[in-house]
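All values reported here derive from a predicted model rather than from experimental measurement. Side chains are part of it too, since the values below use all heavy atoms of this structure and drop only hydrogens, waters and symmetry mates.
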Amino acid sequence: MFQLNLAFKKRSFWVAFSVALFFSVLSFVLACIECYGHEINVIASAEKLFIWGTGEDRVFLMLFFLLPVLSVLPFADSYIAEKERNMLPVFLPRVGARKYLGGKLIAVAASAFFVVCVPLLLNLILCMATFPVEINNFSQISADQSWYFGTFRMQRLLFPALTVSHPYLLCLLSILLTGIFCALMAVLVCEASFFFSRSRVLILALFFIVNTLLIIASTAIAFEKISCFAPFYYLTMFNSESGRALWFLPLLFIVPAVLIGVLFVPCEKRIKKCWG
């Protein structure tokens with residue numbers, strides 16, 4: 001609980017949250033400007049204007065690269081900070097290495113999840129409160145939205161049936177999965193800081209580097225059934241990026257979760273070795 005309170009009081013947490021919140025509101029404002037003066041029957045429904053919806057929003061492209069930094073900024077480097085300030089000899093005798101490590105990883109995950117999910121959820125609420133929420137179907141659809149349900153695009157979606165029948169549930173699922181993925185990656189970065197604690201810049205850029213390498217792989221590597229490896233293209237459920245495979249989506253969560261479990265004991269041993 002102490003680590004959790006510490007995480008939500010840090011200036012870096014509020015900086016990251018404010019930046020994410022700014023882009024969330026900016027996306028909504030730009031959508032309002034774009035739709036201003038149009039007839040209601042030609043305005044796209046809320047889930048299509050949601051920032052994390054189709055993955056084609058202009059602000060989405062900014063968050064595409066910013067979220068890997070914003071999710072680790074709040075607390076993932078806290079071990080390095082506490083080590084530099086010589087605070088560990090004060091913390092560890094009180095709680096022990098395992099409880100200290102467990103509390104820290106929970107705080108890292110919670111802070112990353114909050115920074116990512118709350119702004120996205122706010123954007124969805126604003127869109128639903130402002131734009132039409134009626135779900136377009138194949139028989140009743142305005143001309144400017146017909147491309148959303150074209151055969152070519154529908155074949156590229158990961159969950160085409162849910163896209164048509166339960167789009168707002170899919171929006172919430174997209175927010176939840178994005179928050180969980182960023183939380184897992186932030187925890188993994190925090191564990192890495194126990195072994196590479198000399199450069200805080202490298203630690204804070206680690207998730208960004210991994211994400212960028214996966215994006216590069218998407219343009220350089222192509223297999224018969226998959227050519228897209230960019231995580232956030234999978235987490236935006238209405239996105240129609242080509243080359244995605246449904247089996248890759250669970251791997252985004254399984255791989256970091258397994259690595260976190262594998263590194264937990266070595267991190268605990270390192271704490272005991274360095275600090276007793």
Does the side-chain contact (heavy atoms from CB on, under 4.5 Å) test come out yes or no for Phe28 and Phe131, once each step is laid out?
CA-CA 10 Å; Phe28 169 71; Phe131 304 114; 4.0 Å; yes
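- A donor-acceptor pair is defined here as one N or O able to donate and one able to accept, closer than 3.5 Å; such a pair exists between the side chain of Thr219 and the backbone of Ile216.
- At distances below 3.5 Å, at least one donor-acceptor pair connects side-chain atoms of Asn123 with backbone N or O atoms of Ile51.
- No donor-acceptor pair under 3.5 Å is formed between the side chain of Thr236 and the backbone N or O of Thr54.
- Taking the six-membered ring where tryptophan is involved, the planes of Phe248 and Phe229 are perpendicular, since the angle between them exceeds 60° and thus also 30°.
- In the hydrophobic clustering of ILVMFWY residues, with side-chain heavy atoms under 4.5 Å counting as a link, Val258 and Leu101 come out apart.
- Formation of a donor-acceptor pair under 3.5 Å by the Ser24 side chain with backbone atoms of Ala20 is not found in this model.
- Among Phe75, Phe113, Phe17, Phe13, the single residue meeting the ring-ring contact (aromatic ring centres under 6.0 Å, His included) criterion with Phe8 is Phe13.
- Between Phe181 and Phe253, the ring planes are perpendicular. Angles over 60° get that label, and only those under 30° would be called parallel.
- Ala186 and Ala76 make their closest contact through O-CB, 3.8 Å (heavy atoms, listed as atom of the first residue, atom of the second, distance).
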Evaluate the criterion side-chain contact (heavy atoms from CB on, under 4.5 Å) for residue pair Phe238 and Ser174; output intermediate values, then yes/no.
CA-CA 9 Å; Phe238 296 89; Ser174 184; over 6 Å; no
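- At distances below 3.5 Å, at least one donor-acceptor pair connects side-chain atoms of Ser218 with backbone N or O atoms of Ala230.
- Looking at Tyr168, its side chain does come within 3.5 Å of a backbone N or O of Val133 through a donor-acceptor pair.
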Applying side-chain contact (heavy atoms from CB on, under 4.5 Å), run through Leu202 and Ile209 and close with a yes or a no.
CA-CA 9 Å; Leu202 176 61; Ile209 293 171; 4.2 Å; yes
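- A donor-acceptor pair under 3.5 Å is formed between the side chain of Tyr234 and the backbone N or O of Ala245.
- Judged by distance alone, the side chain of Trp14 and the main-chain N or O of Pro74 form no donor-acceptor pair under 3.5 Å.
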Could you go through the side-chain contact (heavy atoms from CB on, under 4.5 Å) check for Leu206 and Phe196 one step at a time?
CA-CA 11 Å; Leu206 194 56; Phe196 307 100; over 6 Å; no
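- Remark: the backbone N or O of Tyr233 is paired with a side-chain donor or acceptor of Arg244 at under 3.5 angstrom.
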